[in-house]
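Take a look at the structure below.
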There are 2 protein chains.
Amino acid sequence: MSNYNEKPEAGVLALGDAILACLTERPMTGYELAKTFDNSIGFFWKADHQQIYRELTKLRDRGHIQGREVVQSGKPNKLVYTLTPEGRAALRHWAARPSVPASIKDDLLVRLYALDSVDIEPLRTDLMARLEHHRDRFARYERLLSKRFPDGTAPPADVGKLLGLRVGLAHERAVAEWCEEAIEALSALSSGAERTNVVPIEDVKRETNS
Amino acid sequence: MSNYNEKPEAGVLALGDAILACLTERPMTGYELAKTFDNSIGFFWKADHQQIYRELTKLRDRGHIQGREVVQSGKPNKLVYTLTPEGRAALRHWAARPSVPASIKDDLLVRLYALDSVDIEPLRTDLMARLEHHRDRFARYERLLSKRFPDGTAPPADVGKLLGLRVGLAHERAVAEWCEEAIEALSALSSGAERTNVVPIEDVKRETNS
DNA sequence: CGCTTCTTTACCGTAACGCGAAAAAGTCAG
DNA sequence: CTGACTTTTTCGCGTTACGGTAAAGAAGCG
């Protein structure tokens, strides 16, 4: 059996590390971080500005980042945060620890699990919204990919960002397809004895080759 | 502690609802719930026994479940929890609200994002562990599917459980495939150029306002 | 004999999230 | 000019989630 229950020490504080990761790119203010977590990480992590600022304070207290005030005319002064060498080291150290596989944790699955105890109509509506959502995301990732990495390759420093987009793409596609399947199944349920023939999975060998 | 009916916004407390969903199947004790959340929901949701018990207490206080003590000989007495009509109604009501699409939130992606600031070797090791993990899960779902739904169909009440397994399957497959891709990419990175002089900071991005 | 299983509960912490509010400067539309 | 909105940061209220440590008490296993 695979055992991923080692002992990740100080554990889960990934939001702070996500911020550190963002700051490896360039120094940023809390406002910038909050606006777009840069358009890669922000897809997987969302956090409002209060959260960001609170985390920034903690990171500064730990000496992982350093704030430099930039006086602006016409706007409030801003605090541009830069990684300190300690912050860099902390990030490296954190990144060297094994990650914990995230669980799916989707409440939709809970609803489906109790399918015979809930109303199917709102569920179907919900699933359709979800389908749209995942399709949107998929298209967004595709656009980003073809814009930032038109030939499918990346310079060494950006390989990780490419991979991030690729996993997002794969995930959204898989879930969107599943949504279609689920909607169909629910429709078949509510329309009664009508049974659409389901194609067994072994025969559906869909390879997307572009 | 007075007001929990005024804010029916999108789903917050899902752990409690997951427990309610479990209890629609059959009455269970906290211990049973903690052991295996039944082998469908437990894959997507993991919670230790303290969490479960705490949640059970809350649910009982709300009148959503009802505990019935069963005296046992040879074992401690147990509390078998049953859904009350109020609990059923609450579950139905909760399930009728739109769900919030869960974000991915995987710290591995953060590590990858900051790829040029971290060590690749532990990352590659981590990815290989992850690959194994997702393959395990995939195989597990496959086994469960062929055991519980050998012909790929389910009685109406179990359609949701089938769908849950199917999305798990699709997800694990997609992520496992991505892991392979990522491992390959990282290997190419580390075996490749020994740091040819690449892009120092010659390009200071000018802010729109200085 | 000690160890594990069974079953529940308690109290400790803190990370994460969310909501509402507020400063103090400027821009821009009506 | 007024009102609304942007920019940027911060405070403080709350709840949910989760993690650890530990205590019970009886049974069964080796």
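So that the names make sense, note that chain A is the first sequence line, chain B the second, and so on, each numbered from 1.
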Select from Ala47(B) and Gly30(A) the residue whose nearest nucleotide in DNA chain D is closer to the 5' end of that strand.
Gly30(A)

Can you identify which nucleotide, out of dT8(C), dC6(C), dA16(C), has its nearest atom closest to the Leu15(A) side chain?
dA16(C)

Which nucleotide wins on minimum distance to the side chain of Gln51(A), given the candidates dT5(C), dA16(C), dT9(D)?
dA16(C)

If you check the Arg54(B) side chain, which of dC6(C), dC12(C), dT8(C) turns out closest?
dC12(C)

To the nearest angstrom, the CG-P distance between Leu33(A) and dT10(D) comes to 13 Å

Atom-pair distance (CD1 on Ile52(B); P on dC6(C)), nearest Å:
16 Å

Would you please test Trp178(A) and Leu163(B) for side-chain contact (heavy atoms from CB on, under 4.5 Å) and show each step?
CA-CA 8 Å; Trp178(A) 172 80; Leu163(B) 286 171; 4.1 Å; yes

Minimal non-hydrogen separation, Gly164(A) against Leu109(B), with atom names:
CA-CD2, 4.1 Å

Length of the CD-C1' vector between Glu69(B) and dC6(C), whole Å:
14 Å

Would you please confirm or rule out a distance under 4.0 Å between OP1 or OP2 of dT10(D) and any side-chain N or O of Tyr53(A)?
no

Output the rounded distance in Å from CG (Leu59(B)) to C1' (dT16(D)).
13 Å

Nearest to the side chain of Glu55(A), which nucleotide is it out of dT16(D), dT7(C), dA16(C)?
dA16(C)

Tabulated below should be each protein N or O lying under 3.5 Å from an N or O of nucleotides 22-24 of chain D; please produce it.
none

Hey, what's the ring geometry for Phe44(A) with Tyr141(A), parallel, tilted or perpendicular (30° and 60° as the breaks)?
tilted

Take atom CD of Glu32(B) and atom C1' of dT5(C), then tell me their distance rounded to the nearest Å.
14 Å

Please determine whether a side-chain nitrogen or oxygen atom of Thr29(A) lies at a distance below 4.0 Å from atom OP1 or OP2 of dT7(D).
no

If you look at every strand shown and take non-hydrogen atoms under 4.0 Å, does Thr57(A) touch a base, only sugar-phosphate, or nothing?
nothing

Between Asp107(A) and Ser99(B), is there a side-chain donor-acceptor contact under 3.5 Å, judged purely by atom types and distance?
no

Can you find a heavy atom in the side chain of Asp17(B) that is under 4.5 Å from one in the side chain of Leu20(B)?
yes

Determine the sole option in Leu15(B), Leu23(B), Ile65(B) for which the side-chain contact (heavy atoms from CB on, under 4.5 Å) test with Leu59(B) is passed.
Ile65(B)

Mind calculating the distance between OH (Tyr31(A)) and C1' (dT7(D)) to the nearest angstrom?
5 Å

Hey, does Gln50(A) have a side-chain heavy atom less than 4.5 Å from the side chain of Tyr53(A)?
no

Whole angstrom is fine here: how far is it from NZ in Lys78(A) over to P in dA23(C)?
24 Å

Could you say whether Tyr81(B) or Asp48(A) is positioned toward the 5' end of DNA chain C, judged by the nucleotide with the nearest heavy atom to each?
Tyr81(B)

